[in-house]
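Working notes, beginning with the structure itself.
Please read these numbers as outputs of a predicted model, since none were measured by experiment. Values below: every heavy atom of this structure, side chains too, minus hydrogens, waters and symmetry copies.
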Amino acid sequence: MPFPSDIEISQAAKMQDIRDIAKNAGIEDEYLECYGKYKAKIDGSFLNKTKLKDGKLILVSAITPTPAGEGKTTITVGLADALRKIGKRSALALREPSLGPVFGVKGGAAGGGYAQVLPMQDINLHFTGDFHAVGAANNLLCAMIDNHIFQGNSLRLDPRKITWRRCVDMNDRQLRSIVCGLGNVGGMPREDGFDITVASEVMALLCLSENITVLKEKLSRIIVGYTFDNEPVTAGQLKAQGAMAALLKDALKPNLVQTLEGTPALIHGGPFANIAHGCNSIIATKTALKLGDYAVTEAGFGADLGAEKFFDIKCRLAGLTPSAVVVVATIRALKHHGGVAKDSLTKENLNALEKGLPNLLQHLENIQTVFGLPCVVALNRFPTDTEAELALAEEKCKALGVNAVLTEVWAKGGEGGAALAEEVVRVCEQKSEFNFSYELSLPILEKLERIVKNIYHGEGVQLLPAAKKQLEQLTKLGFSELPICMAKTQYSFSDNPLLLGAPRGFEVTIRNLKVSAGAGFIIALAGDIMTMPGLPKVPAAENIDIDSEGRIGGLF
């Protein structure tokens, strides 16, 4: 079957009124705040008042990806539709796309082909304004910090030790390091910089808050910098949390849209998975659990990043227990990890495929043995895949007791994922014992080593001098029992993006340890990972356009 064109998809996209989607899912009108005909927010009181019971939670993760991605969001959308195809009630919970990747390397992130969420253009571009609200709240705090210093600095905040940075939802390497406050009209000159909005702690804590009260508490705990005596200064001391929460009051409500096949989809929050914790909001996931027998959600990049943080940070905080994990893999990625050059990816190469399989198998082993959960492999089929390649991948997965299911939701929608849905339903009924990869009571260094040794299969952790000093300070300040949020490359189990496959014998170098006291975790920056990405040589923005009738193209 040929892949669908943009025109065919557009013709198939007969969206239902969002009020009908909500009604069929069990959401009464009183909880719905419509943004036009096809988007709505769900009032936070719905979770507290609904009589609907929780369904089963399915996490979709992936093999260590190539720069183009392996279609994880597409599989997630297609699986939710496929579950409905086989007679199950399902709902979807996804992150909102960041404008950085939309205009950068990956393009839009609303699924693809006949497995996407609608209205796709809106979701990829601004949506309901949540990201702008996060950016405004983040930058309001920046303005209050600099104003406090200008107005006398009663808290004795050292301008050289300010850790809170401005943000913008765009890949812009020019803003990584700046000098602000220049000119002769006031202001205090100092070094500063921007992060991308999805790396802001405000984004992380928004996704980890279940109501306004918790949101304000988390905002007040944000550490913005340190005094001349090296004592932390918080947003609460600047009395910023109330105004920040006011900016975020609507952003806290999850967004309801629909898939191409009418499955209810909650799209809310968007922390990066290589920089932040990479999951949609707790509110969105818990709401999805109420709307179906199965709630399908995803965590960013490979299972070493998004899934680990989903389990160790989000599930731990929210009390969530997944029933099954789907790991998305492609023949392309397997051959990439086996050392095949780009120009050879379309050719059958069983030797390279076999060399790349340990990457996938290590992810499966981690999910089964470390986290104690059953899993399924979704082989996202491409037209260039051969039967021999697909059979080899299936055979190696089966040796670990995991079934690999060919999946064609891009080309066929829910029908192309029916076999995957049947297998997911089957493994959801298996007995499992969900575990975390470390205990919170462990010292910070030992938690880092547990992740590196048990998840990445490395030798250990090397702390650079600055990180050693930060480790001592964070322990002294009482943050040692917080979970860890590893910020490392998404292209390798290690902190070296060129180290493909399932490497051994490496150490992960931690150059910076930073507490996100509001969000409630410690960020460990490994290798040269940056919190403000840059655009590639040929950004996706060059292919995005709008015609005279307002139709946007190039986002698929």
Side-chain angles (χ1 to χ4, degrees), residues 1 4 8-9 11-27 32 38-40 42 50 52-60 71-94 110-120 123 254-268 280 284-298 322-326 328 376 378-381 403 405-429:
M1 180 174 180
E8 288 172 329
I9 293 166
Q11 290 172 342
K14 296 178 180 178
M15 288 184 282
Q16 301 176 45
D17 190 300
I18 198 63
R19 290 170 295 184
D20 294 332
I21 295 290
K23 182 179 179 181
N24 292 335
I27 305 170
L32 213 60
Y38 306 117
K39 299 173 290 184
I42 302 172
T50 182
L52 297 172
K53 295 182 179 179
D54 286 347
K56 294 182 183 294
L57 180 59
I58 302 161
L59 174 69
V60 180
K72 177 161 44 62
T73 303
T74 301
I75 296 293
T76 306
V77 176
L79 174 58
D81 285 339
L83 285 162
R84 284 161 57 93
K85 283 282 186 186
I86 65 169
K88 308 296 182 183
R89 292 178 64 249
S90 66
L92 186 64
L94 297 173
Y114 285 114
Q116 60 177 282
V117 280
L118 304 172
M120 182 272 291
I123 292 164
N255 306 296
L256 178 68
V257 287
Q258 61 191 285
T259 71
L260 195 60
E261 298 185 10
T263 301
L266 292 144
I267 298 185
H268 193 219
N280 64 74
T285 301
K286 287 192 170 183
T287 302
L289 283 167
K290 298 292 185 185
L291 303 184
D293 302 319
Y294 297 89
V296 185
T297 189
E298 69 166 341
S323 295
V325 179
V326 176
V328 178
V376 181
L379 276 176
N380 188 12
R381 187 169 194 170
N403 286 332
V405 183
L406 295 184
T407 309
E408 299 178 277
V409 296
W410 203 100
K412 300 178 181 178
E415 179 188 345
L420 176 64
E422 295 281 6
E423 178 63 10
V424 166
V425 169
R426 186 187 72 81
V427 300
C428 278
E429 300 306 317

Intermediate values then yes/no, side-chain contact (heavy atoms from CB on, under 4.5 Å), Thr297 and Leu59 = CA-CA 5 Å; Thr297 189; Leu59 174 69; 4.1 Å; yes
Salt bridge or not for Arg426 and Glu423, using N-O below 4.0 Å?
->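 Here Arg426 pairs with Glu423 in a salt bridge, since their nearest N and O are under 4.0 Å apart.
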Decide, yes or no, whether a salt bridge links Lys290 with Asp54 under the criterion of side-chain N to carboxylate O below 4.0 Å.
->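 Yes, Lys290 and Asp54 are salt-bridged.
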For the residue pair [Y] / [X], report whether a side-chain donor-acceptor contact shorter than 3.5 Å exists.
X      : Y      : value
Arg84  : Ser90  : no
Asn380 : Thr407 : no
Thr73  : Glu298 : yes

Are side-chain heavy atoms of [X] and [Y] found at a separation under 4.5 Å?
X      : Y      : answer
Leu94  : Leu266 : no
Val425 : Tyr294 : yes
Thr259 : Leu92  : yes
Leu32  : Leu256 : yes

Mark yes or no for whether Thr74, through its side chain, and Gly112, through its backbone, hold a donor-acceptor pair below 3.5 Å.
->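 Pair found, side chain donor or acceptor close to backbone of Gly112.
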Would one find more than 12 heavy atoms of other residues, nucleotides or ligands at under 6.0 Å from atom CZ of Arg89?
->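 Count over threshold, so yes.
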